[in-house]
Amino acid sequence: MADNTSKPSAPQGDKGAPAGENNGERTLGKDFIRQKVDADLASGKYDKVVTRFPPEPNGYLHIGHTKAIALSFGLAEEYGGVTHLRFDDTNPLTEDTSYVDSIKEDIHWMGFDWGDRLHYASDYFERLYDWAVKLIRKGVAYVCHLTEEEIREYRGTVKEAGKPSPYRERSVEENLAEFEKMRRGEYKDGEATLRAKIDMANPNMKMRDPLMYRVRHAHHHNTGDKWCIYPMYDWAHGQSDAIEGITHSLCTLEFENNNELYRWFLEQLEVPTPPEQTEFARLALNYTVMSKRKLLELIEKKLVNGWNDPRIPTLSGLRRRGYTPAAIRAFVERVGVSKANSVVDLGMLEWAIREDLNYNAPRRMAVLDPLKVTITNYPEGQSEELDAVNNPEQPEAGTRKVPFGRTMFIERDDFMEDPPRKFFRLAPGREVRLRYAYFITCDEVVKDAEGNVTELNCTYDPATRGGDAPDGRKVKATLHWVSAEHAVNLEVRNYDRLFAVENPLAQKYKDNWLQALNPDSLEVLTHVKGEPSLAEMQPGDSCQFERKGYYCMDPDSSDGAPVFNRTVTLRDSWAKMQKKG
Ligand code: ATP
Ligand code: MG
């Protein structure tokens with residue numbers, strides 16, 4: 001039981017249905033949890049719905065948690081009930097108050113609120129202790145001195161029954177005295193545990209005299225040095241649910257085997273209307289890792305820049321990347337609630353944010369890899385302002401002025417000196433449209449000594465102002481652009497998938513999962529030119545860089561050039577690659 005809370009751990013990546021499969025059973029009507037709630041209310045088992053979200057404050061929330069949050073908070077909301085936020089802070093070694101703060105912030109950001117129902121499992125330590133004493137008195141709990149390793153050995157295997165601890169038959173008096181000694185600090189870490197006396201031959205290993213308490217001489221963020229014994233997850237969880245009057249305790253599938261024990265404790269304590277635990281499938285995404293332990297490893301090894309790195313699926317990372325609560329909620333809604341673990345394709349999450357930003361994000365022009373263009377027939381020293389549409393999805397968003405002058409920037413890859421057949425953009429002698437502005441024709445290519453294209457000389461047709469030719473002639477390409485004289489310098493961080501493979505936790509990567517990282521998950525561009533209106537944006541604001549993707553201004557922008565994080569490309573380039581590959 002070394003350091004962990006003895007909570008079951010999440011499945012490691014390679015289980016579950018194939019990527020992209022939507023196991024949502026909601027589409028068939030109500031999901032199985034809502035059906036159960038309906039039945040419970042109809043039968044009078046419960047007269048209200050009280051749920052809880054029980055994060056362990058040992059890391060930041062990730063998008064997997066939002067599935068649990070949306071389910072527990074959403075369910076209570078739908079049935080006129082309430083939801084408690086309870087920090088499952090039973091392990092003093094891994095928990096930290098900074099995590100408590102970030103978790104609260106993230107839940108609020110998602111648009112959910114626990115009102116005055118903020119609780120800590122550690123608030124119930126005294127009550128749990130008294131209840132443990134009650135079980136000792138009933139003869140169903142005992143103090144054991146087997147070592148951690150011995151306990152494991154005595155537990156047996158799935159095929160073989162375990163054998164009883166030599167301390168199993170102690171008298172109630174002796175157990176009471178021993179438990180008291182544990183509390184008083186007379187045992188060192190690992191020297192004593194309190195165990196439930198259930199059944200060492202039970203086919204469910206969780207029922208083979210599970211641990212309720214262990215000795216841990218450690219400072220706790222909430223209770224300080226008051227305790228040197230700490231309850232195990234199984235002992236703390238259901239009892240906390242009962243204390244708070246929770247009705248529906250919803251958790252992920254890896255707790256399925258704990259359900260029997262959850263019920264056993266409540267039965268022994270004779271809780272009048274006990275809460276019930278129901279399990280649902282975890283959310284897993286491909287091309288990423290979700291577990292806090294794995295995320296912490298990436299952070300500690302400096303492979304990402306902290307809990308809010310825009311490449312990791314934490315809510316603070318997603319927020320910084322430019323994801324919105326609405327898109328995340330739409331995504332988890334679409335995934336649905338089911339009993340079968342599956343891996344959801346990251347493309348589905350990206351689809352949700354594209355939907356949102358396509359409608360909501362204003363359009364702007366920025367040139368990521370600038371190539372200078374001189375409009376040789378445009379009067380020197382002159383400039384003008386043209387009207388650009390802010391958002392074609394929202395006509396009421398109107399237009400803005402964009403300056404145009406004699407020197408411009410276009411994207412380097414929008415020009416080819418010797419274009420192949422399918423390349424329709426700018427090339428020598430060819431005419432294209434500059435969006436919202438004019439038709440231009442490339443007359444001359446300027447190169448450096450090595451033969452690299454450094455500039456283009458073009459002419460414009462003043463009759464095409466606004467982007468259409470009065471004589472009806474057509475061009476095959478429309479380019480975005482920025483006036484050199486008016487441009488603002490930007491830094492752009494193009495984020496991509498964190499892992500290059502769908503399932504970095506697959507058996508074949510085993511201990512080498514870090515080698516599956518995508519080496520190109522971040523590309524930093526420091527010579528980006530943006531239209532002047534970008535200078536007015538605030539950190540957290542999103543826009544679409546036309547033809548390039550959706551971008552969100554980063555908090556790092558406070559000093560120096562504004563920084564823009566790529567939220568997502570305009571189209572799913574990975575899906576295309578997979579089809580090709
Ligand atoms: P991780 O394994 O990622 O570290 P955890 O399960 O240890 O997460 P907790 O803070 O203990 O995280 O979880 C709080 C609640 O969130 C639990 O009820 C848990 O079932 C749920 N939860 C955690 N991860 C997911 C997920 N990927 N999908 C759905 N629910 C999740
Ligand atoms: Mg965990």
- Establish, yes or no, whether a centroid distance under 6.0 Å links the rings of Phe499 and Tyr287. no
- Task: Would you confirm whether the ring centroid of Tyr551 sits within less than 6.0 angstrom of the ring centroid of Phe564?
- Result: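 No: the rings miss the under 6.0 Å criterion.
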- Message: In terms of relative ring orientation, are Tyr60 and Trp307 parallel, tilted or perpendicular, with 30° and 60° separating the classes?
- Response: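 Parallel, since the angle between the ring planes stays under 30°.
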- Query: In Å and rounded to the nearest 0.5 Å, what is the CD to NZ distance from Glu455 to Lys372?
  - Reply: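 Reported value, rounded in 0.5 Å steps: 4.0 Å.
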- Leu498 side, atom CG; Leu298 side, atom CG - distance, nearest 0.5 Å: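 Atom-to-atom, Leu498:CG and Leu298:CG are 6.0 Å apart.
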- Flag the pair Glu350 / Arg497 as yes when at least one side-chain heavy-atom distance between them is below 4.5 Å, and no otherwise. yes
- Report yes if the side chains of Arg425 and Phe415 come closer than 4.5 Å at any heavy-atom pair, otherwise no. no
- By salt bridge (charged side-chain N to carboxylate O under 4.0 Å, His left out), which residues pair with Arg400, not counting sequence neighbours? Glu531
- With sequence neighbours excluded, what pairs up with Asp554 under the salt bridge (charged side-chain N to carboxylate O under 4.0 Å, His left out) test?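 Only Arg320, Arg493 meet the salt bridge (charged side-chain N to carboxylate O under 4.0 Å, His left out) criterion with Asp554.
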- Hey, could you give me each pair passing ring pair (Phe, Tyr, Trp, His ring centres under 6.0 Å) that has a residue in residues 369-399? Not counting sequence neighbours.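 Every pair satisfying ring pair (Phe, Tyr, Trp, His ring centres under 6.0 Å) with a residue in residues 369-399: Tyr378-Phe404, Tyr378-Tyr460.
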- side-chain hydrogen bond (donor to acceptor under 3.5 Å, both in side chains) against His108, all qualifying residues, sequence neighbours excluded: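 Partners of His108 by the side-chain hydrogen bond (donor to acceptor under 3.5 Å, both in side chains) criterion, ordered by chain and then number, come out as Asp113.
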- Would you please name every residue forming a side-chain hydrogen bond (donor to acceptor under 3.5 Å, both in side chains) with Ser483, sequence neighbours left out? His486
- Task: Apply salt bridge (Lys or Arg N to Asp or Glu O under 4.0 Å) to the pair Asp414 and Arg547, showing each step before the final yes or no.
- Result: CA-CA 11 Å; Asp414 277 339; Arg547 302 174 62 225; 2.8 Å; yes
- Task: Could you tell me whether Arg435 sits above the aromatic face of Trp481, with NZ or CZ closer than 6.0 angstrom to the six-membered ring centre and within 45 degrees of the axis?
- Result: no
- Task: Kindly indicate whether a cation-pi arrangement holds for Arg334 with Trp351, taking the cut-offs as under 6.0 Å to the six-membered ring centre and within 45° of the axis.
- Result: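 Yes, Arg334 sits over the ring of Trp351.
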- Message: The test is side-chain contact (heavy atoms from CB on, under 4.5 Å); show your working for Arg321 and Tyr550 and say whether it passes.
- Response: CA-CA 10 Å; Arg321 176 92 172 240; Tyr550 293 101; over 6 Å; no
- Message: Using a 3.5 Å distance criterion without hydrogens, assess whether the side chain of Arg354 forms a donor-acceptor pair with backbone atoms of Thr569.
- Response: yes
- Message: Surrounding CG of Asp418 (heavy atoms of other residues, nucleotides or ligands, distance under 6.0 Å), is the total greater than 12?
- Response: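 Open.
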- Message: Take a 6.0 Å sphere around CD of Glu380 and say whether it holds more than 12 heavy atoms from other residues, nucleotides or ligands.
- Response: no
- Task: Using side-chain contact (heavy atoms from CB on, under 4.5 Å) as the criterion, list what pairs up with Pro395, not counting sequence neighbours.
- Result: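 Here no residue qualifies.
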- Item | Heavy-atom closest contact (Cys442 atom, Ala427 atom, distance) | CB-O, 3.4 Å
